[in-house]
Amino acid sequence: MINFLTYFCLISGLIFWLWGTPVLFQKRSILYKLHSLSVADTLGSILIVVGLSLKIPSELPLLILAIISLTIWNTMLGYVLAYSANNQEEKSDG
Amino acid sequence: MDDLYIYLIVALLPLSSLMLMIEVNPYHALVIRGILGAVAVLAYVVLGAADVALTEALMGTMLAVSLYIIAIRSSLVMRLGIIKSLPTQTDDFTTLVTNVKKAINDVYLRLEVVAYDSQEALEKALEEKEIHGICSTYNCADDQNFKYEVTLRIERIYQLLKPNKRRSFSPLNTLAVRAIIFTLDSLVDSIFLIILMP
Amino acid sequence: MILTLLIPIYQTWHEDNVWQKMVAVSSISSKVSIITLVISVLRDDWMMGVVGVIIITVGNAGLMLLAHLLKKIGENDSTQLIINN
């Protein structure tokens, strides 16, 4: 049962990655790319880490720390990137 | 075959360093340096050197990138000196600045316009290599129209600014350009003078 | 996993806009740290796991710093007039 849950989490995380990353190839605006990338990366990574923590419970505190820092830092980095890129594009338009 | 993934990850390292080497724009190269740092961290971890990986993460992605960006910013700049009284609000001066920026942008230089109080301070700055060139008005006898001239002390910048057949646009395209090169022993080795006639 | 890591690397090589590159690099950095964590769990190595968690934090912080500096430089790109006294 635990094994099945582990592989389910790992594979769905990988599917999230594979779904979000090819958005980079499309000719869309940077904000759209940033949105789908941050959704796919954060959710996929959290799923993978949860799957790992189910597999080896002895590293649970470390993996919880990983989830927390992943959430906080990815959100902040996404915000900073969107803010700076948006500023820049407005400048080049005007 | 069990450690195939190790070889795959280590193979990313020369790939990203090759990307870094063939990149010409210094700012883009900095971003690729970030990739190289991340890939290097992964390779070191896979090979079992956790301490080296930690050092690479701290040094490579934070310290080196921030230091390099400051170095690039302060070194890749062309400083053009003017006198405070120079009329900078005219159309000709705006065209001149725009065209010079376009021309030196090919080699990723920025332009800084530095204003000085007096002619002596300006010439002293050129002599002491504080600035790379002087923009001043060219005395024209017939009417009150301003004509700008740019005096440069570096041959490479002159090569960039002079009309060039390879480029689709001439850097000073709306203005006829007459270039005079002469040497003055008292000032600097050689002075490149571009006279712009509106 | 390595395939998903290769996609943004190819993209940074292909892309001209510096911000698109930054987005791809942020993706790479988080993927690298997750791969590190996976390998650490596979090998049951606590030390590697600590390194993975640290590079999540440090990599993101470094990218933020880089984005901020790039933004500052882009703002100053319009010619500034320096008054020298």
Side-chain angles (χ1 to χ4, degrees), chain B residues 5-6 8-9 11-12 15-16 19 22-23 25 27-28 30-35 37-39 41-42 44-46 48 50-51 53-54 56-58 60-66 69-70 72-73 79-82 84 88 97-98 100-101 110-117 121-122 125 130-131, chain C residues 1-3 5-6 8-10 12-13 15-22 24-26 28-33 35-37 39-40 42-43 45-52 54-63 65-67 69-70 72-74 76-85:
Chain B
Y5 72 99
I6 293 183
L8 278 178
I9 288 174
L12 288 178
L15 184 78
S16 53
M19 267 168 51
I22 61 179
E23 180 64 56
N25 187 338
Y27 297 108
H28 292 187
L30 268 180
V31 177
I32 296 181
R33 177 70 180 80
I35 300 179
V39 171
V41 167
L42 189 56
Y44 296 151
V45 164
V46 163
D51 47 350
L54 195 56
E56 172 67 32
L58 290 168
T61 53
M62 281 188 75
L63 208 74
V65 165
S66 340
I69 201 167
I70 294 167
I72 287 174
R73 182 176 150 63
R79 292 162 71 88
L80 189 66
I82 58 171
K84 259 187 191 159
T88 51
V97 165
T98 317
V100 167
K101 268 162 85 177
R110 292 180 305 119
L111 182 69
E112 263 180 22
V113 178
V114 191
Y116 284 88
D117 278 335
L122 193 61
E130 271 181 33
I131 51 177
Chain C
M1 280 181 137
I2 299 174
L3 181 74
L5 186 60
L6 266 177
I9 289 182
Y10 174 75
T12 35
W13 179 47
E15 188 60 56
D16 269 346
N17 187 348
V18 72
W19 292 110
Q20 310 259 3
K21 280 187 190 228
M22 285 299 287
V25 172
S26 78
I28 288 174
S29 120
S30 64
K31 282 186 171 61
V32 160
S33 46
I35 292 177
T36 313
L37 276 177
I39 291 173
S40 83
L42 283 183
R43 294 190 186 170
D45 190 343
W46 188 274
M47 194 168 66
M48 276 184 188
V50 174
V51 171
I54 289 177
I55 63 176
I56 291 177
T57 315
V58 169
N60 276 332
L63 277 177
L65 194 65
L66 181 60
L69 289 170
L70 277 175
K72 281 280 170 213
I73 286 174
N76 289 342
D77 212 21
S78 50
T79 314
Q80 73 232 55
L81 187 64
I82 299 167
I83 306 295
N84 201 332
N85 288 314

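Residue numbers start from 1 in every chain, and the chains themselves are labelled A, B, ... in the order their sequence lines are given, proteins ahead of strands. Below, each value reflects all heavy atoms present in this structure, side chains not excepted, and no hydrogens, waters or symmetry copies.
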Report the residues that fulfil side chain to side chain contact (heavy atoms under 4.5 Å, CB included) with C:D45, sequence neighbours left out, ordered by chain and then residue number.
-> C:R43, C:M47, C:M48

Do B:I9 and C:I39 come within less than 4.5 Å of each other through their side chains, counting heavy atoms only?
-> yes

Quick one: what part of [X] sits under 4.5 Å from any heavy atom of chain C, side chain, backbone, both or neither?
X	answer
B:L15	side chain
B:S16	neither
B:I6	side chain
B:E56	neither

Could you state the interatomic distance from [atom1] ([X]) to [atom2] ([Y]), rounded to the nearest 0.5 Å?
X	Y	atom1	atom2	value
C:K72	B:I69	NZ	CD1	12.5 Å
B:I70	C:L69	CD1	CG	6.0 Å
C:L42	B:Y5	CG	OH	6.5 Å

Shortest non-hydrogen contact between B:A53 and C:V51, atoms and distance | CB-CG1, 4.1 Å

Can you name the closest pair of heavy atoms from B:A38 and C:V32 and give their distance?
-> O-CG1, 3.5 Å

Sole candidate of C:V58, C:L66, C:L63 that passes side chain to side chain contact (heavy atoms under 4.5 Å, CB included) when paired with B:M62 | C:V58

Ranked by heavy-atom pairs below 4.5 Å to chain C, first place among B:V31, B:V39, B:N25 goes to B:V31

Contact winner vs chain C - B:V41, B:L8, B:L58, B:V46, heavy-atom pairs under 4.5 Å | B:V46

Contacts of type side-chain hydrogen bond (donor to acceptor under 3.5 Å, both in side chains), residue C:S30, not counting sequence neighbours | A:D41

